[in-house]
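Just below is one structure, and these are the notes that go with it.
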Amino acid sequence: TLAFNAGVVSEYRYRGISQSRFQPAVQGGADYADKSGVYVGAWASTIKWIKDNGVASNNGAKGPVELDLYGGYKFPIGDVAMDVGFLRYEYVGNTLSKNTSYHNANTNEIYAAGTLGVFTLKYSYALTDLFGQFNGTKSTKGSTYLDLSATFDLGNGLSLVPHAGKQTVANMSIATYSDYALALNKD
């Protein structure tokens, strides 16, 4: 199965943090899923957070596009639908490392998720510095994100999605936080 998506959103938030400075973002992607359970995909969005971090230090850091490249495998274990995979956050042309408080923004993560009924629990683990963050000489490699969400079908293409997440940043406890959301989606 090959699927495409495109849209304009009023704001792009990721793990509770605005990626587009509370302004609209253009997004789109493509996914291929094989009946074996293997899938690959790419998704992109306009962003502003890298430029914002460059402005703060007057160094002109840029990186206007996030490109996510991912692949994984979905399979059942009893009643639980499992999903394991790899995700590369590529910030096209990013120069975040010009800000001496950051390394390169590009980040690699592995993840595992399980869905039972309407509930999904997902665990992500950073294989590189998390979005360019570091603490002096200490890497943020090994940072984790735990995400619990549910999807309630309300009918007529509407769904209600509560979410709770915990971002733990390795070697940088000041950057660790929790986020919560309640979304109403219309397909």
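Keep in mind that the numbers below use all heavy atoms, side chains included, and drop hydrogens, waters and symmetry copies. This chain uses plain numbering: 1 for the first residue, then up along the sequence.
- The cationic group of K166 does not satisfy the cation-pi geometry with Y177, failing either the under 6.0 Å distance to the six-membered ring centre or the 45° limit from the ring axis.
- Note on F4 and V40: same hydrophobic cluster, where clusters join Ile, Leu, Val, Met, Phe, Trp and Tyr whose side-chain heavy atoms are under 4.5 Å apart, directly or indirectly.
- Taking the six-membered ring for Trp and the full ring otherwise, the centers of Y89 and F131 sit less than 6.0 Å from each other.
- Counting heavy atoms of neighbouring residues, nucleotides and ligands inside a 6.0 Å radius, atom CD1 of I174 does not exceed 12 of them.
- No path of Ile, Leu, Val, Met, Phe, Trp and Tyr side chains, each step under 4.5 Å between heavy atoms, connects Y125 with F134, placing them in separate hydrophobic clusters.
- Both L146 and I110 are part of a single hydrophobic cluster, where members link through side-chain heavy atoms under 4.5 Å apart.
- In this structure, D34 contributes its side chain and S36 its backbone to a donor-acceptor pair below 3.5 Å.
- Interatomic distance, R88 CZ to L69 CG, rounded to the nearest 0.5 Å: 8.0 Å.
- K48 places no side-chain N or O within 3.5 Å of a backbone atom of A25 that could act as its donor or acceptor partner.
- N104 CG to T95 OG1: the interatomic distance, rounded to the nearest 0.5 Å, is 9.5 Å.
- Going from atom CG of N185 over to atom OG of S159 covers 4.0 Å, rounded to the nearest 0.5 Å.
- A donor-acceptor pair is defined here as one N or O able to donate and one able to accept, closer than 3.5 Å; such a pair exists between the side chain of T46 and the backbone of V26.
- The aromatic rings of W43 and Y12 lie perpendicular to each other, with more than 60° between the two planes, well past the 30° mark.
- Of the possible donor and acceptor atoms, one in the side chain of T176 sits under 3.5 Å from a partner among the backbone N and O of V169.
- Scanning all heavy atoms of the two residues, the minimum distance from G71 to Y111 falls at O-OH, 3.9 Å.
- When all heavy atoms of A113 and T120 are compared, the closest pair comes out as CB-CG2, 4.4 Å.
- Looking at E109 and R15, a side-chain N of the basic residue comes within less than 4.0 Å of a carboxylate O on the acidic one, giving a salt bridge.
- The cluster map of Ile, Leu, Val, Met, Phe, Trp and Tyr, joined by side-chain heavy atoms under 4.5 Å apart, puts Y91 and L87 in the same cluster.
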message: Assess the residue pair S139 and D129 against the criterion (side chain to side chain donor-acceptor pair (under 3.5 Å)); give the C-alpha distance rounded to whole Å, side-chain angles, the decisive distance to 0.1 Å, and a yes or no.
response: CA-CA 6 Å; S139 173; D129 281 329; 2.6 Å; yes
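- Interatomic distance, L158 CG to D187 CG, rounded to the nearest 0.5 Å: 9.5 Å.
- For the pair N135 (side chain) and N171 (backbone), a donor-acceptor distance under 3.5 Å is present.
- You'll find the ring centres of Y145 and Y14 outside the 6.0 Å limit.
- Taking CG from L130 and OG1 from T168, the interatomic distance works out to 10.5 Å, rounded to the nearest 0.5 Å.
- Closest approach of G132 to L96, counting heavy atoms only: CA-CD2, 4.5 Å.
- In this structure, the side chain of S18 does not engage the main chain of R13 through any donor-acceptor pair within 3.5 Å.
- Judged purely by atom type and a 3.5 angstrom limit, T140 uses its side chain to pair as donor or acceptor with the backbone of Q133.
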- request: Go through the steps for N108 and F86 under the test side chain to side chain contact (heavy atoms under 4.5 Å, CB included), then give the verdict.
  value: CA-CA 7 Å; N108 295 328; F86 172 84; 3.6 Å; yes
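- Screening D83, L148, T115, D147 against K122 for a side-chain contact (heavy atoms from CB on, under 4.5 Å) leaves a single residue, D147.
- Counting only distance, with no hydrogens or angles, the side chain of N5 and the backbone of G29 share a donor-acceptor pair below 3.5 Å.
- Without hydrogens or angle criteria, Q19 side chain to I17 main chain gives a donor-acceptor distance under 3.5 Å.
- Residues F22 and W49 keep their aromatic ring centres 6.0 Å or farther apart.
- Minimum interatomic distance between A44 and V65 (heavy atoms only, all atoms of both residues): CB-CG1, 4.4 Å.
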Pair L2-D31, side chain to side chain contact (heavy atoms under 4.5 Å, CB included): steps then yes or no: CA-CA 6 Å; L2 186 60; D31 300 281; over 6 Å; no
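- With hydrogens and angles disregarded, a donor-acceptor distance shorter than 3.5 Å links the side chain of T107 to the backbone of A105.
- Within the 4.5 Å cutoff, no side-chain heavy atoms of Q167 are placed close to those of T144.
- F119 is not connected to M82 by any chain of hydrophobic side-chain contacts under 4.5 Å among Ile, Leu, Val, Met, Phe, Trp and Tyr, and they are in different clusters.
- Rounded to the nearest 0.5 angstrom, K141 NZ and H103 NE2 are separated by 13.5 Å.
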